[in-house]
Amino acid sequence: MQVTVLGAGIIGVSTAWHLLQRGHQVTLVDRQPGAALETSFANAAQISVSYCEPWANKDAPLKTLKWMFSDESPLLFRPQLDWAQWRWGLQFLAQCNDKAFVRNVAQLVALGAYSHAALKEVVAQTGIEYNRLERGIAHYYTDQKSFDGAADAAALMQRFGVQRRVVSRDELLAIEPALRAFGEHIVGGTYTPSDESGDARMFTQQLAALCARHGAQLLFNHDIEQIERDGDEVRQVRVRDRSDGVARCLRGDAFVVACGSYSAPLMKSVGVSVPIYPGKGYSATLPLLHPERAPSVSMLDDEMKCAVSRLGNQLRVAGTIELGGFDLSLDTPLARKRCEMLVRRIEQVFPGVADTRTPEQGGDPQFWCGLRPATPTNIPLIGRTPLRKLWINAGHGTLGWTHGAGSGKALAELMHGEQPAMDFGFLGQGRQRPASTPVAASTRLQTTTPPSGA
Ligand SMILES: Cc1cc2nc3c(=O)[nH]c(=O)nc-3n(C[C@H](O)[C@H](O)[C@H](O)COP(=O)(O)OP(=O)(O)OC[C@H]3O[C@@H](n4cnc5c(N)ncnc54)[C@H](O)[C@@H]3O)c2cc1C
């Protein structure tokens, strides 16, 4: 088949790679001059199979309301005159109950486990280097009441086969001695030894280069302007070269939409509505001053709802989510405040370890923001659309790096006529097998809002 993949973030590139592995011809299109220059550029770097709880839980509506009035809150709903935002919000509210939460976690764990295996396969096959650290993820708590709920959350994850255990403060400090300076504030934590961290941008860019070496045509600097249909089938996709303004039409046997948050407006132009809405998040990447005192276990900070990962000689902190449209500004007072809040936290938890000075003080923090392609369930849309020849791989929300390798592999398998070996509701075919781990609706759940970095 000749397949055109629209979007060269982690999801599009991974899809392209797995299609090439199955002998298909691939054209990969992106408006940026290279791969992974939008949301896959500077995320929190966590491969977070074991911390995959969606934001939609029974406590979320009240918390969101409370948080609306503070610029420093982890989740900020900024109402717009946009029906897509309100519809998404209502769909999100419908997921805020225990039954939906458990159902969603089951699928997120299944995709996470499948994806982790797929990532390991790709790394073994290609030798890609991306500042990978296989030291697990530790979640630390500074509030006793929140920590009291950690055991229930861990028990739920264990039921789905995930290794998450509750650890005392002393155990946590032994797992990650870099937390010692902040130790007196920590009341305990949880730890998932099988999780990892690594740079999504480095991985994606190298995989894109390998795609080219395996015969893919990379069309960077091209805007995808229009998907054109003939009845219930896609006829072609019109793209325009940003450098000379020349438009061309791409034809073929199949098209994959992997445009992150922009998948929704693109699909809408051919009459297909998908519940994907942008969730803006920020990161700051700081040079290390004392690498020997820096963490190598990736971290989740429960109080600030942010994530911290070491990437070579840098420390990255990322988090917060703003539901307020496609705004990517970094220079507004609100954006600045949110970035500085993340940096301040690094200085509190790891004092003196990284250069946390502001640019005005002579520091060089690399601030960044990206739009998580969020679905109300946090479950991505992978599979067939109602239009013939048109497939989708988008809506990976807070977990696109974690789920990237597996989502790409799974969609390539479906397109190739294979059935991915996991219990997951693919679009256009539903779930193939009944849930493997039924959980009673009355199960008591700890549904504290998860950190947004992962
Ligand atoms: C602050 C933050 C922290 C995060 N931390 C983590 C984490 O620790 N672990 C994790 O698993 N996930 C994390 N995520 C989520 C993860 O980064 C995303 O889910 C993932 O990057 C989405 O990948 P994607 O390929 O779908 O989208 P993108 O990377 O945005 O790729 C889509 C591509 O489509 C292109 N495109 C879109 N529209 C057009 C058009 N019209 N024409 C041409 N090209 C177009 C874009 O240029 C882009 O390259 C985080 C996200 C944020 C914001």
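All heavy atoms count here, side chains included; hydrogens, waters and symmetry mates do not. Numbering of ligands and ligand atoms starts at 1, following listing order.
- Residue Gly260 approaches ligand 1 through these ligand atoms, each under 4.0 Å from one of its heavy atoms: 26 (O), 27 (O), 32 (C).
- Put simply, the side chain of Leu399 reaches to within 4.5 Å of the side chain of Ser48, judged on heavy atoms.
- At a heavy-atom distance under 4.0 Å, no atom of Ala394 approaches ligand 1.
- Side-chain contact of Ser298 with Ser309: a donor-acceptor pair under 3.5 Å is present, judged by distance alone.
- Of all the heavy atoms of Tyr262, the ones lying under 4.0 Å from any atom of ligand 1 belong exclusively to the side chain.
- Of all the heavy atoms of Tyr282, the ones lying under 4.0 Å from any atom of ligand 1 belong exclusively to the backbone.
- Look at His222 and you'll find a heavy atom under 4.0 Å from some atom of ligand 1.
- Distances below 4.0 Å separate heavy atoms of Glu38 from the following atoms of ligand 1: 30 (O), 46 (C), 47 (O), 48 (C).
- The shell of residues lying under 4.0 angstrom from ligand 1, judged by heavy atoms, excludes Leu37.
- Here Thr398 has backbone heavy atoms under 4.0 Å from ligand 1, and that is the only part of it that gets that close.
- Assignment of Ser283 to the shell around ligand 1 is not supported, since no heavy atom sits closer than 4.0 Å.
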Identify all side-chain donor-acceptor contacts of residues 211-222 below 3.5 Å with residues at least two apart in sequence or on another chain.
from   : atom 1 : to     : atom 2 : distance (Å)
His214 : ND1    : Leu210 : O      : 2.9
Gln217 : OE1    : Thr27  : OG1    : 3.3
His222 : ND1    : Phe220 : O      : 2.7

Evaluation steps, salt bridge (charged side-chain N to carboxylate O under 4.0 Å, His left out), between Glu53 and Arg164: CA-CA 13 Å; Glu53 293 99 315; Arg164 188 198 292 183; 2.9 Å; yes
Go through the steps for His18 and His416 under the test ring pair (Phe, Tyr, Trp, His ring centres under 6.0 Å), then give the verdict. CA-CA 10 Å; His18 287 286; His416 194 66; over 10 Å; no
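- The shell of residues lying under 4.0 angstrom from ligand 1, judged by heavy atoms, excludes Ser48.
- Residues Asn104 and Thr377 have side chains that never bring a donor and an acceptor to within less than 3.5 angstrom of each other.
- A side-chain donor-acceptor contact under 3.5 Å links Tyr140 and Asp301.
- When Ser40, Pro33, Gly9, Cys52 are checked for heavy-atom proximity to atom 23 (O) of ligand 1, Ser40 turns out nearest.
- Listed by number with element, the atoms of ligand 1 under 4.0 angstrom from any heavy atom of Asp223 are 42 (N).
- The distance criterion of under 3.5 Å between nitrogen or oxygen atoms is not met by Arg372 with respect to ligand 1.
- Within the listing of ligand 1, atoms 1 (C) sit less than 4.0 angstrom from a heavy atom of Gly281.
- Under 4.0 Å from ligand 1, not a single heavy atom of Ala36 appears.
- Cation-pi geometry between Arg201 and Phe41 is met: the NZ or CZ atom falls under 6.0 Å from the ring centre, inside 45° of the normal.
- Contacts of Pro278 classified as side chain to side chain contact (heavy atoms under 4.5 Å, CB included), with partners at least two apart in sequence or in another chain: Ser261, Phe326, Leu371.
- Contact annotation: for Cys259 versus ligand 1, heavy atoms closer than 4.0 Å belong to both the backbone and the side chain.
- At a cut-off of 3.5 Å, with distance as the only test, a side-chain donor of Glu322 or Tyr282 sits close to an acceptor on the other residue.
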